[in-house]
**Q** 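Quick one: the structure is below, and I'll ask about it shortly.
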Amino acid sequence: MIQLIAWLAGSKVGRWISAALLIIASLSLFAARFYAKGKEAEKAKQTQEALNRLRRRMKSDETIARMSAAERRRRLSDGWSR
């Protein structure tokens, strides 16, 4: 292991390989962070949309609950459910 490190530090080719590996590792870390941030953003977006759907459903449920049975029947027969 020490011989490998000595070769990487001591030779011109070794220094180029070390630099290339360092750049590849840095780019990989950068890409992994961007991926994680994008994944978190998409999850937050989906959660917000689920909350919006829930609010709309609660509002429509309230509207339906306030109606009389006759009004609900009339609305359903008029195609309100479409």
Side-chain angles (χ1 to χ4, degrees):
M1 184 66 151
I2 292 178
Q3 289 176 344
L4 178 64
I5 294 172
W7 178 76
L8 287 172
S11 70
K12 195 172 200 172
V13 173
R15 285 191 299 269
W16 277 102
I17 291 172
S18 297
L21 290 175
L22 182 62
I23 290 170
I24 290 170
S26 298
L27 290 175
S28 297
L29 181 62
F30 191 65
R33 285 188 180 176
F34 263 160
Y35 177 76
K37 283 184 181 182
K39 196 172 182 180
E40 288 175 18
E42 184 61 29
K43 186 175 180 181
K45 182 180 170 185
Q46 289 177 357
T47 302
Q48 184 63 41
E49 185 57 37
L51 287 173
N52 289 339
R53 284 192 306 268
L54 180 62
R55 285 186 193 116
R56 286 192 303 267
R57 180 165 180 185
M58 288 174 63
K59 186 177 178 182
S60 69
D61 285 351
E62 275 182 40
T63 303
I64 292 169
R66 282 191 231 131
M67 288 181 193
S68 66
E71 178 68 16
R72 280 188 293 238
R73 265 193 306 277
R74 187 185 67 76
R75 288 264 183 116
L76 285 171
S77 68
D78 289 346
W80 179 52
S81 61
R82 290 183 210 160

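Side chains are part of it too, since the values below use all heavy atoms of this structure and drop only hydrogens, waters and symmetry mates.
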**Q** For Tyr35, what residues pass the ring pair (Phe, Tyr, Trp, His ring centres under 6.0 Å) criterion, not counting sequence neighbours?
**A** none

**Q** Can you list every pair that meets ring-ring contact (aromatic ring centres under 6.0 Å, His included) and has a residue in residues 2-28, with sequence neighbours left out?
**A** none

**Q** Quick one: pull up CE in Met58 and CG in Asp61 and give me the separation to the nearest 0.5 Å.
**A** 8.5 Å

**Q** Scan for ring-ring contact (aromatic ring centres under 6.0 Å, His included) pairs involving residues 49-72, sequence neighbours excluded, and state none if there are none.
**A** none

**Q** List the residues meeting side chain to side chain contact (heavy atoms under 4.5 Å, CB included) with Ala31, not counting sequence neighbours, and say none if there are none.
**A** none

**Q** Show me the side-chain donor-acceptor pairs of residues 45-57 shorter than 3.5 Å, one per line, residues at least two apart or across chains.
**A**
unit_1 : atom_1 : unit_2 : atom_2 : d
Gln46  : NE2    : Glu42  : OE2    : 3.3
Thr47  : OG1    : Lys43  : O      : 2.9
Gln48  : NE2    : Asn52  : OD1    : 3.4
Asn52  : OD1    : Arg55  : NH1    : 3.0
Asn52  : ND2    : Gln48  : O      : 3.4

**Q** Report the C-alpha separation of Glu71 and Arg74 in whole Å, then their side-chain angles, then the decisive distance to 0.1 Å, and conclude whether the salt bridge (charged side-chain N to carboxylate O under 4.0 Å, His left out) test is met.
**A** CA-CA 5 Å; Glu71 178 68 16; Arg74 187 185 67 76; 2.8 Å; yes

**Q** Suppose the criterion is ring-ring contact (aromatic ring centres under 6.0 Å, His included): which pairs have a residue in residues 41-76, not counting sequence neighbours?
**A** none

**Q** Ile23: which other cluster members, linking ILVMFWY side chains closer than 4.5 Å, directly or transitively?
**A** Leu27

**Q** Which residues pass the salt bridge (Lys or Arg N to Asp or Glu O under 4.0 Å) test with Glu62, sequence neighbours left out?
**A** Arg66

**Q** Looking at residues at least two apart in the chain, or sitting in another chain, which of them share a side chain to side chain contact (heavy atoms under 4.5 Å, CB included) with Arg73?
**A** Ala69, Ala70

**Q** Would you please name every residue forming a side chain to side chain contact (heavy atoms under 4.5 Å, CB included) with Leu21, sequence neighbours left out?
**A** Ile17

**Q** Between Ser11 (side chain) and Leu8 (backbone), is there a donor-acceptor pair under 3.5 Å?
**A** no

